[in-house]
Amino acid sequence: MAVTVARASAALVAGMVSVAVLAGCSTDAPDTDESTESTPPAPRVDLAPFEPVPVPTVASGATPIVDNAFLAGRLLTIADLPAGWTGYDLPPLDPSAPGATAEDRSSTDPADCAAVLAPIATAIPGGISAASVSYGGPNFASLDQDAASYDGDGAVTAFGRIQDALARCGTFSGTDADGVRVDYRVGASDLLSGPDAVAPGDAAVAARIQVTSDGVELTTDAVITLVGATVTQIVATGLDPVDADLVRGLATTAADRLRT
C-alpha cells in the first residue's frame with residue numbers, strides 16, 4: 001500500500017519562522033538597512049548533547065497497521081488539545097494559483113540532516129501505512145503528529161535510525177522556501193526524564209531543537225515513540241516551549257491509541 005504523508009521535514013519549522021518574521025514586520029518597529037542574510041543570533045539556552053535510549057528487540061506478536069485510514073483514526077484529535085488550538089486541513093496545492101510555481105529554495109546542510117523532524121515514513125521508507133495530523137495554537141505554536149507502521153523489525157529499525165539522525169545532526173543549517181538562512185541545534189530534552197517520568201509506548205525518546213532565522217527563534221520539543229510495529233512522533237513548536245505537561249500527556253495519549 002502506498003503511503004502519503006503531508007508534513008515536511010525541518011522545512012516546516014523553517015516555514016513557521018518565516019511566518020513569525022512576517023508578523024514581526026507588521027509591527028511599528030523602525031526599518032533598518034541590515035541584511036536579512038545576517039547570521040541569526042545564538043540560541044538563548046545552551047543544549048546538552050542528544051541522549052539516545054536503547055533500541056528494544058521486536059515485540060513478540062507486534063502487528064503492523066496496514067491501512068492508512070485506520071492509522072489516521074488512531075492519531076490525536078482536536079478534542080485532545082486545550083481551547084485555543086485548531087486543526088489544519090490543507091487542501092492540495094492548486095498549480096494554477098499565484099505563486100504555486102515559484103521556485104522552492106529550501107535546503108539542508110548536511111543533506112542527510114533533513115531527516116530531523118521529517119515524517120517517519122519519509123525519513124525511513126518501507127512502511128506499509130502512514131498518517132499525520134497538524135494543529136495550530138496560540139502565539140504561533142504548532143503541534144504535529146505523524147506515524148508509520150512497518151512489517152517485521154522495520155519499526156525497531158526506524159526508531160533506531162531516527163535517533164541516529166538526532167545524534168549525528170547536533171548543529172546544521174539550511175534555507176526556507178524563499179532561500180532565507182535557518183540554523184538548527186539539536187540536543188537533549190528533559191521531557192521524559194526525572195524519577196517520576198514514565199516513557200510512553202514500548203520505548204520513547206525526546207529531543208529539543210532550537211531554530212533561529214532572521215532574529216526569530218523557535219523551540220521545538222519532539223517525542224518519538226515505538227508502539228509495537230508502529231513509530232510515532234509528536235512535534236511541538238512555538239516562540240516559547242509548548243507546555244511540557246501538555247506535550248507529555250499527548251505523547252502518552254498517542255501511544256495508548258496505537259495499541260492494537
Full working for side-chain contact (heavy atoms from CB on, under 4.5 Å) between D80 and Y135
CA-CA 11 Å; D80 298 311; Y135 301 99; over 6 Å; no
Walk me through it: do F172 and V116 pass the test side-chain contact (heavy atoms from CB on, under 4.5 Å)?
CA-CA 10 Å; F172 64 101; V116 173; 4.0 Å; yes
One pair to check against side-chain contact (heavy atoms from CB on, under 4.5 Å): F50 and I209. What are the steps and the verdict?
CA-CA 10 Å; F50 170 73; I209 298 92; over 6 Å; no
Pair R259-D202, salt bridge (charged side-chain N to carboxylate O under 4.0 Å, His left out): steps then yes or no
CA-CA 10 Å; R259 296 289 185 191; D202 299 316; 3.1 Å; yes
What do the steps show when you test F159 against V205 for side-chain contact (heavy atoms from CB on, under 4.5 Å), and what is the final call?
CA-CA 9 Å; F159 184 72; V205 68; 4.3 Å; yes
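Closest heavy-atom contact between L117 and A222: CD2-CB, 4.1 Å. Pairing each heavy atom of A121 with each of A130, the nearest pair is CB-CB, 3.7 Å. Considering all non-hydrogen atoms of both residues, I128 and P64 come closest at CD1-CB, 3.4 Å. Summarising the geometry of L166 relative to A207, their closest heavy-atom pair is CD1-CB, 4.1 Å, with the distance given to 0.1 Å.
The shortest distance between side-chain heavy atoms of I124 and Y150 falls below 4.5 Å. Side chains of L191 and V223 form a contact here, defined as non-hydrogen atoms less than 4.5 Å apart. You'll find the side chain of R208 reaches within 4.5 Å of the side chain of L47, heavy atoms only. Between E51 and S193, every side-chain heavy-atom pair lies at or beyond the 4.5 Å cut-off. In this structure, the side chains of D146 and Q233 come closer than 4.5 Å at one or more pairs of heavy atoms. In this structure, L81 and L250 have side chains that are in contact, with non-hydrogen atoms separated by less than 4.5 Å. By the 4.5 Å heavy-atom criterion applied to side chains, D153 and T57 are not counted as neighbours. Using a 4.5 Å heavy-atom threshold, the side chains of T171 and Y184 count as separate.
Between atom CD of residue E217 and atom OG1 of residue T219 there is a gap of 5.0 Å, rounded to the nearest 0.5 Å. Atoms CD1 and CG, on I65 and L71 in that order, are 5.0 Å from each other to the nearest 0.5 Å.
Annotation: salt bridge (charged side-chain N to carboxylate O under 4.0 Å, His left out) contacts of D112 (sequence neighbours excluded): R168. Residues that satisfy the side-chain hydrogen bond (donor to acceptor under 3.5 Å, both in side chains) test with S173, not counting sequence neighbours, are absent from this structure. For A255, the side chain to side chain contact (heavy atoms under 4.5 Å, CB included) test picks out P200, T225, V227, with sequence neighbours left out. Every side chain to side chain contact (heavy atoms under 4.5 Å, CB included) that A254 has, sequence neighbours left out, goes to L76, Q145, I234. By the side chain to side chain contact (heavy atoms under 4.5 Å, CB included) test, P82 pairs with W85, L246, sequence neighbours left out. Considering only residues two or more places apart in sequence or on other chains, N139 meets the side chain to side chain contact (heavy atoms under 4.5 Å, CB included) condition with L239, D240.
Under 4.0 Å is where a charged nitrogen must lie from a carboxylate oxygen, and between R181 and D183 at least one such pair does. Using a 4.0 Å cut-off between charged nitrogen and carboxylate oxygen, D221 and R248 do not count as a salt-bridge pair.
Note on residues 204-235: no pairs pass disulfide (SG to SG under 2.5 Å), not counting sequence neighbours. Here disulfide (SG to SG under 2.5 Å) pairs that include residues 114-151, with residues two or more places apart or in two chains, number zero. Applying the disulfide (SG to SG under 2.5 Å) test to pairs two or more places apart or on separate chains, those with a residue in residues 150-253 are C113-C169. Within the structure, the side-chain hydrogen bond (donor to acceptor under 3.5 Å, both in side chains) test picks out no pair touching residues 154-166 (sequence neighbours left out).
Between the T253 side chain and the G249 main chain, a donor and an acceptor come within less than 3.5 Å of each other. R74 places a side-chain N or O within donor-acceptor distance of the main-chain N or O of R257, the cut-off being under 3.5 Å. Using modelled atom types, no side-chain atom of S134 and backbone atom of D144 make a donor-acceptor pair closer than 3.5 Å.
For T175 and S106, the side-chain atoms include no donor-acceptor pair closer than 3.5 Å.
At a threshold of 4.5 Å between side-chain heavy atoms, the hydrophobic network of Ile, Leu, Val, Met, Phe, Trp and Tyr places I78 and L143 in one connected group.
Each of T232, T230, D67 was evaluated against S149; a single residue qualifies, T230, per the side-chain hydrogen bond (donor to acceptor under 3.5 Å, both in side chains) test.
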